[in-house]
Amino acid sequence: MNTNQSPNEAIAKDPEKEKRKIKSVKTMKKIMTDYYIQAKTASQNGKLVAWITSGGPVEPLIAFDVIPVYPENYGAMIGASKMGVDLCEKAEEMGYSRDLCSYARSDIACATIDGGPIGGLPKPDFLVCCNNICGTVMKWYEVQARYFNVPLFIYDTPFIHTEFSPEARRYLRRQLDDYITFLEKVTGKKADMDRFDQVGRLSLEGQRLWQAVLDTTMNRPAPMTAFDAFFHLALIVTLRGTQTVVDYYTELLDEMRERVSQGIGMVPDEKYRLIWDNLPVWYRTKWLSDKLASHGAALVSDTYTSAWSGVMHLIDPDNFMETMGLAYSHAYINTSVDMMFEKVKEMVVKYGADGLVMHSNRSCKPYSFGQYDLQKMVLKELDIPTLIIEADMVDERNFSESQIETRIDAFMEILKGRKK
Ligand code: SF4
């Protein structure tokens, strides 16, 4: 998440485009600023801080009144602030391979020098790692647990090839008990099941509202694009399970609906509707947004921001804590390429997409490995053009502007030809 500039700030500099500015951005920035202030002053206010992976089960932390902090969210801020290369190089000097995820490299380097856009993250009292996004986080969090000398809880989600077995359900259920025991020990508090229930309902409501915001792009023109979603995503990641999220997405949804009723699109003269796959290229969101918009192309959806709401149907609202493991295990990149394809297919139909843009992300292997198979399946079964862009979400050394520009232009020519 870029706290420095949202896509619509750039738009606001052009008076003719002022009407496309998303007003809720201001509220969002204030919430994120307050959140980081609270996190950085937690110890002065007698609160504990836990670092947790982006797809991890955060609701128990909220129920225990622990402030969750996300190194990956900070990694996105580092990328957007163009501080990634320095920090990645610092990690490489420490002995970490350039092939390691740039979020992990940035965070490991940051911790030693309090680096990054807000002078480092607050020190963790403990860590929670969920491997539903990748295996890298296991080693990354072990490194940080050793560095800060704090406890680490690992929530292990089985990979889903085709289906979820009863054994896997029981395995996850047992881990919930272990997780609660761990939290009782590190916080010195007893679990409050009524509070768990309340947090679970807020989490589900936040996810429902987030999905409703994303679904406003089914309208033509789309009132926002995936570039806006990349920015507004930060709350469902960091404050899931709180009233703050529910209130904010209610405000954002109202604004999007108002834009739809007035026919305000984010891309002027929207002609082509595309879906994005993989993490954003944080340091180039504006460039990519402008480049696509210059062709009249809007990114109307993506597989990344929808990951925080795409599995809510698996949760029983009356039994959140018991069923959340099932949902967390079904995270998009914890499933097979066949299941990923089903998701992409659903999105192509739902959002009326003309093409698929895939970011082959050097950092994120689990997201990128199956993309060429996915591409073949999309071409064969959906018959829409695909574009693969090779880059990295944070490490700018892996971004070639001229090469990507050429590929986008060629891709758009194919789309234009098909429209004719
Ligand atoms: S490898 Fe991918 S999923 Fe894992 S931490 Fe890095 S960006 Fe996230």
Side-chain angles (χ1 to χ4, degrees), residues 1-2 51-58 68-80 83-85 87-88 91-92 96-111 116 121 124 127-145 152 154-160 230 233-234 236-238 276-285 302-308 310-311 328-337 339-340 343 358-371 374 389-399:
M1 203 274 305
N2 178 1
W51 285 13
I52 180 167
T53 48
S54 66
V58 68
V69 165
Y70 295 79
E72 289 153 83
N73 176 256
Y74 197 47
M77 288 166 66
I78 288 166
M83 299 170 94
V85 173
L87 288 165
C88 286
E92 288 153 28
Y96 292 95
S97 163
R98 186 173 164 174
D99 289 324
L100 183 65
C101 162
S102 51
Y103 278 172
R105 273 178 291 153
S106 307
D107 181 59
I108 289 168
C110 257
L121 290 175
L127 308 175
V128 177
C129 171
C130 179
N131 59 353
N132 60 348
I133 47 175
C134 65
T136 300
V137 288
M138 303 270 282
K139 289 292 147 195
W140 168 10
Y141 274 56
E142 280 177 13
V143 165
Q144 297 300 52
L152 164 65
I154 294 174
Y155 190 85
D156 179 26
T157 48
F159 187 86
I160 303 175
F230 295 154
L233 167 76
I236 195 69
V237 177
T238 55
W276 175 271
D277 182 52
N278 213 307
L279 279 79
V281 183
W282 290 113
Y283 47 89
R284 284 303 186 110
T285 50
D302 67 281
T303 58
Y304 177 62
T305 59
S306 56
W308 278 268
V311 287
Y328 278 116
S329 298
H330 280 78
Y332 180 72
I333 56 172
N334 200 46
T335 61
S336 63
V337 173
M339 291 173 81
M340 285 179 171
K343 177 79 184 161
M358 302 162 101
H359 169 201
S360 176
N361 184 350
R362 187 182 168 92
S363 268
C364 193
K365 281 79 178 172
Y367 221 142
S368 309
F369 267 156
Q371 279 177 319
L374 198 58
I389 290 172
E390 283 160 19
D392 186 283
M393 68 226 173
V394 164
D395 191 341
E396 290 180 66
R397 291 172 293 178
N398 298 311
F399 187 92

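Remember, it's 1-based here, ligands and their atoms both numbered in the order they're listed. Not measured: the values here are computed from a predicted model.
Partners of Y74 according to the ring pair (Phe, Tyr, Trp, His ring centres under 6.0 Å) rule, which considers only residues two or more places apart in sequence or in another chain, do not exist here. With sequence neighbours left out, the ring pair (Phe, Tyr, Trp, His ring centres under 6.0 Å) criterion links F159 to H161. In terms of the side chain to side chain contact (heavy atoms under 4.5 Å, CB included) criterion, residue partners of N398 (sequence neighbours excluded) are, by chain and number, R98, R362, D392, D395.
Any protein N/O/S atom under 2.8 Å from atom 6 (Fe) of ligand 1 was counted, giving 1 altogether.
When the options T53, T157, N334 are evaluated for a side chain to side chain donor-acceptor pair (under 3.5 Å) with N131, the one that passes is T157.
Taking the six-membered ring for Trp and thresholds of 30 and 60 degrees, F399 and Y283 have ring planes more than 60 degrees apart, a perpendicular arrangement. Taking the six-membered ring where tryptophan is involved, the planes of Y304 and Y367 are tilted, since the angle between them lies from 30° to 60°.
From the protein, the heavy atom lying nearest to atom 7 (S) of ligand 1 is M393 CE, 3.5 Å.
Rounded to the nearest 0.5 Å, atoms OH (Y103) and OG1 (T136) are 13.0 Å apart.
Interface atoms of ligand 1 facing W140, defined by a heavy-atom separation under 4.0 Å, are 5 (S).
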